[in-house]
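Reminder, nothing fancy here: chain letters follow the sequence lines and each chain counts from 1.
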Amino acid sequence: MTEIWLTNTRTRKKERFEPIDPANVRMYVCGPTVYDRAHLGNARPAVVFDVLYRLLRHVYGAEHVTYVRNITDVDDKIIARAKERGISIEELTRTTTEWYHEDMAALGVDYRGDPHFHEPHATEYIPQMIAMIERLIARGCAYVAEGHVLFSVESYPAYGQLSGRSVDDMIAGARVEVAPYKRNPMDFVLWKPSAPDQPGWESPWGRGRPGWHIECSAMAEALLGPEFDIHGGGNDLMFPHHENEIAQSCCAHPESHFARYWLHNEMLQVEGKKMSKSLGNFFTVRDLLDQGVPGEVIRFVFLQTHYRKPMDWTAKKAAEAAGVLRRWHALCADAEAGEVPAAVIDALADDLNTPAAIAALHRLAGEGDAAGLLAGARALGLMTPALGAWAAAPEVTPEITALIERLIEARAEARRARDFARADALRDGIAAAGVKVKDTPQGAVWELTPDFDPAKLEALAQ
RNA sequence: GGCGCGUUGGCGGAAUGGUUACGCACACGAUUGCAAAUCGUGCUCAUGCCGGUUCGAAUCCGGCACGCGCCUCCA
């Protein structure tokens with residue numbers, strides 16, 4: 001069996017992955033807070049962990065991997081946004097979740113019909129969260145103060161281990177004031193009271209709503225058990241979110257270790273700078289798709305950078321990626337996917353080295369191994385029927401075909417007659433109409449490009 | 001101020017002690033009436049700076065510079 005090695009943030013080392021139960025490999029990834037369209041940065045973890053999911057399924061079998069990615073549908077940003085737009089919270093979270101599904105599917109992250117993928121909504125797990133909070137209180141790890149329930153970081157000596165901080169350091173670096181009801185400034189909220197116009201649920205501490213972190217602990221436990229294999233997310237979540245998840249889960253289940261392997265992807269930049277609204281370089285996945293950048297191109301650009309390095313989105317990269325993919329699609333036009341080449345799997349198994357996997361695909365393409373290229377690309381979620389359609393030649397009618405061949409023949413005749421002015425005019429005209437003609441020793445062959453324009457062709461025939 | 005991450009050829013981007021990554025771009029050659037496409041060759045022995053360990057370092061250790069992220073119940 002292929003050995004998978006992963007960089008574990010918990011130990012800061014690349015470690016051999018050994019699942020608790022090879023018959024049920026379990027991973028949890030922090031999903032979106034659904035208050036707006038996913039921006040490009042939100043898409044990176046979705047794609048990265050989709051590749052990991054594909055790899056695990058390849059190695060352990062599709063029936064033996066469980067993937068949980070949550071939807072955060074209770075959150076103060078959601079409350080604010082719904083009010084701003086004058087719509088209900090339910091409508092906001094429902095439509096935003098649908099957008100997320102559509103946009104991610106365009107990038108090849110699509111789990112519709114996959115019984116091993118679970119997408120729990122926070123609002124559906126309130127009782128489990130309340131139960132976990134009660135358990136934490138009972139164990140002396142949490143306390144009630146002014147209608148809030150707070151986690152006591154001092155009750156968990158290992159607090160800060162994941163992110164490499166000590167509670168004292170963090171307090172020293174803390175910038176602002178601290179809620180007076182906290183015993184320790186680093187204590188964080190498990191439950192908070194809701195005003196009458198805010199969403200809330202009845203609880204032993206009154207009507208309120210959960211803090212952000214508890215949902216992941218409660219849902220991971222409900223769906224994967226107190227201890228499971230992999231927990232992933234963006235490295236911006238490492239602190240405080242994941243640190244707090246660990247504290248909650250490990251205190252609720254001292255006999256367990258929660259997630260054994262922690263994986264964090266680095267952040268995304270745009271043209272060398274942080275994507276931000278103030279710099280004017282902020283855009284959503286949908287913005288790019290609407291501009292005509294194919295989802296497959298976005299995915300390819302993402303995978304060209306290793307997940308643990310900052311990724312820079314540039315227009316140049318997108319253009320290069322589109323060119324490469326076009327050539328590969330042309331090479332594989334009539335190919336059936338073969339076995340997934342070992343070089344591709346080996347690269348992925350080495351800490352998801354997607355750039356090395358892509359290099360392996362380049363070699364396969366260079367060798368003309370269409371079956372291997374196609375299979376390898378699909379292992380990365382590229383060149384699937386759903387994603388590759390953009391690169392397909394437009395439909396041609398027999399009339400168009402006849403017209404093109406007539407023009408090509410006319411050019412050939414002109415060349416035979418050494419009427420190069422006419423031959424070149426025809427060649428340039430055909431090219432301008434979006435038909436690519438390649439002269440081979442066996443004669444001219446042609447294909448349509450995405451810019452194909454039948455009107456220009458008609459004009460040329462006059 | 002604290003913690004963490006990064007810095008490889010023109011560009012992108014692999015490689016955790018020992019031969020050319022790979023891709024893109026560009027240049028030249030083959031081919032062509034000229035091109036396109038294709039093939040070949042070159043740029044390409046490149047590793048932010050300074051020191052250390054080692055027979056040998058992009059790779060390990062220390063320091064520095066630059067860049068980035070996180071550090072409040074705003075997430």
Side-chain angles (χ1 to χ4, degrees), chain A residues 5 7 9 12-14 30 32-33 35 41 72 75-78 80 148-151 160 162-179 181-182 185-193 208-214 234-244 264-269 272-274 300-301 303-306 308-312 314 316-317 319-321 323-324 327 330 343 347 350-351 353-366 414-416 418-421 423-424 427-428 430-431 436-441 444-447:
Chain A
W5 290 71
T7 297
T9 310
R12 305 193 188 286
K13 288 194 180 98
K14 198 194 276 189
C30 292
T33 300
Y35 71 101
T72 299
D75 174 273
D76 288 354
K77 276 197 290 199
I78 293 174
H148 295 66
V149 184
L150 293 136
F151 184 91
L162 179 74
S163 51
R165 302 152 196 247
S166 73
V167 171
D168 289 345
D169 287 344
M170 288 185 276
I171 293 169
R175 289 192 214 132
V176 193
E177 98 278 42
V178 178
Y181 47 80
K182 283 186 179 180
M186 297 311 298
D187 289 352
F188 57 90
V189 164
L190 298 169
W191 190 264
K192 54 189 166 187
R209 59 191 193 281
W212 174 35
H213 315 292
I214 192 70
N235 75 352
D236 55 330
L237 298 178
M238 203 162 90
F239 186 89
H241 185 54
H242 291 162
E243 202 72 73
N244 293 353
H264 291 97
N265 63 275
E266 250 290 351
M267 297 291 98
L268 173 134
Q269 298 188 328
K273 290 181 178 162
K274 180 186 176 180
F300 187 98
V301 171
L303 298 183
Q304 261 189 311
T305 301
H306 185 92
R308 296 187 62 244
K309 288 198 168 182
M311 199 218 82
D312 193 17
T314 66
K316 188 181 171 216
K317 280 186 183 179
E320 273 185 27
V324 169
R327 265 183 279 130
D350 182 13
D351 201 24
N353 194 337
T354 52
I358 287 175
L361 296 182
H362 279 297
R363 282 204 193 85
L364 293 163
R415 291 175 72 194
R416 279 194 293 272
R418 303 196 69 78
D419 181 357
F420 295 123
D424 289 351
R427 181 191 68 201
D428 295 343
I430 294 169
K436 189 192 267 182
V437 178
K438 300 177 197 170
D439 292 329
T440 71
V445 297
W446 58 273
E447 64 190 48

Show me the protein contacts with nucleotides 26-31 of chain B, counting only N or O atoms at under 3.5 Å.
none

Q) Any donor-acceptor pair under 3.5 Å between the side chain of A/Arg308 and the base of B/C5? A) no
Q: Could you pull out all residues at least two apart from A/His148 that satisfy ring-ring contact (aromatic ring centres under 6.0 Å, His included)?
A: A/Tyr181
Q.
Which is more 5' along RNA chain B, the nucleotide nearest A/Ala423 or the one nearest A/His306? Just name the residue.
A. A/His306
Q: Please measure how far the P atom in B/A58 lies from the corresponding atom in B/G52, and state the result in whole Å.
A: 15 Å
Q: Could you provide the dot-bracket string of RNA chain B, using ( ) for intrastrand pairs, [ ] for crossing pairs and | for bases paired to another strand, with Watson-Crick or G-U pairs below 3.5 Å?
A: (((((((..(((.....[...))).(((((.......))))).....(((((..]....))))))))))))....
Q: Mind checking ring-ring contact (aromatic ring centres under 6.0 Å, His included) for A/His264 and listing every partner two or more places apart, or none if nothing turns up?
A: A/His242
Q | For A/Phe188, ring-ring contact (aromatic ring centres under 6.0 Å, His included) partners two or more places apart | A | A/Phe151, A/His213
Q: Choose from B/C22, B/A75, B/A14 the nucleotide whose nearest atom is closest to any side-chain atom of A/His362.
A: B/C22
Q | Those residues that, when tested against A/Glu266, pass side-chain contact (heavy atoms from CB on, under 4.5 Å) (two or more places apart) | A | A/Arg44, A/Asn235, A/Pro310
Q. Taking the side chain of A/Lys316 as heavy atoms from C-beta outward, which of B/A75, B/A14, B/C11 is closest to it?
A. B/C11
Q: Quick one: list whatever passes salt bridge (Lys or Arg N to Asp or Glu O under 4.0 Å) with A/Asp312, sequence neighbours left out.
A: none
Q: Applying side-chain contact (heavy atoms from CB on, under 4.5 Å), name anything that partners A/Pro210, two or more places apart in sequence or on another chain.
A: A/Val74, A/Ile126, A/Met129, A/Trp191, A/Trp201, A/Ile214
(Q) Once side-chain contact (heavy atoms from CB on, under 4.5 Å) is applied, do any residues pair with A/Asp76, and if so which ones, sequence neighbours excluded? (A) A/Ile79, A/Lys192, A/Arg209
Close N or O pairs between protein and nucleotides 36-38 of chain B (under 3.5 Å):
{"residue": "B/A36", "atom": "N1", "partner": "A/Asp439", "partner atom": "N", "Å": "3.4"}
{"residue": "B/A36", "atom": "N1", "partner": "A/Asp439", "partner atom": "O", "Å": "3.2"}

**Q.** Pairwise 5' ranking along RNA chain B for A/Arg418 and A/Lys309, keeping only the more 5' one
**A.** A/Lys309
**Q.** Stacking of A/Phe420 on B/G33 base (centres under 5.5 Å, planes under 30°)
**A.** yes
**Q.** Residues in salt bridge (Lys or Arg N to Asp or Glu O under 4.0 Å) contact with A/Arg418, at least two apart in sequence or another chain
**A.** none
Q. Out of curiosity, A/Phe420 CZ to A/Arg427 CZ, how far, rounded to the nearest 0.5 Å?
A. 11.0 Å
Q) Can you tell me if OH on A/Tyr35 sees more than 12 non-hydrogen neighbours from other groups inside 6.0 Å? A) no
**Q.** Nearest-neighbour nucleotide for the A/Arg415 side chain, B/U32, B/G4, B/U7 considered
**A.** B/U32
Q | Side-chain donor/acceptor of A/Asp424 to base of B/G33, under 3.5 Å | A | yes
Q | A/Asn353 side chain vs A/Ala356 backbone, donor-acceptor pair below 3.5 Å | A | yes
Would you tabulate the nitrogen or oxygen pairs shorter than 3.5 Å linking the protein to nucleotides 68-70 of chain B?
{"residue": "B/C70", "atom": "O2'", "partner": "A/Phe239", "partner atom": "O", "Å": "3.1"}
{"residue": "B/C70", "atom": "O2", "partner": "A/Arg165", "partner atom": "NH2", "Å": "3.2"}

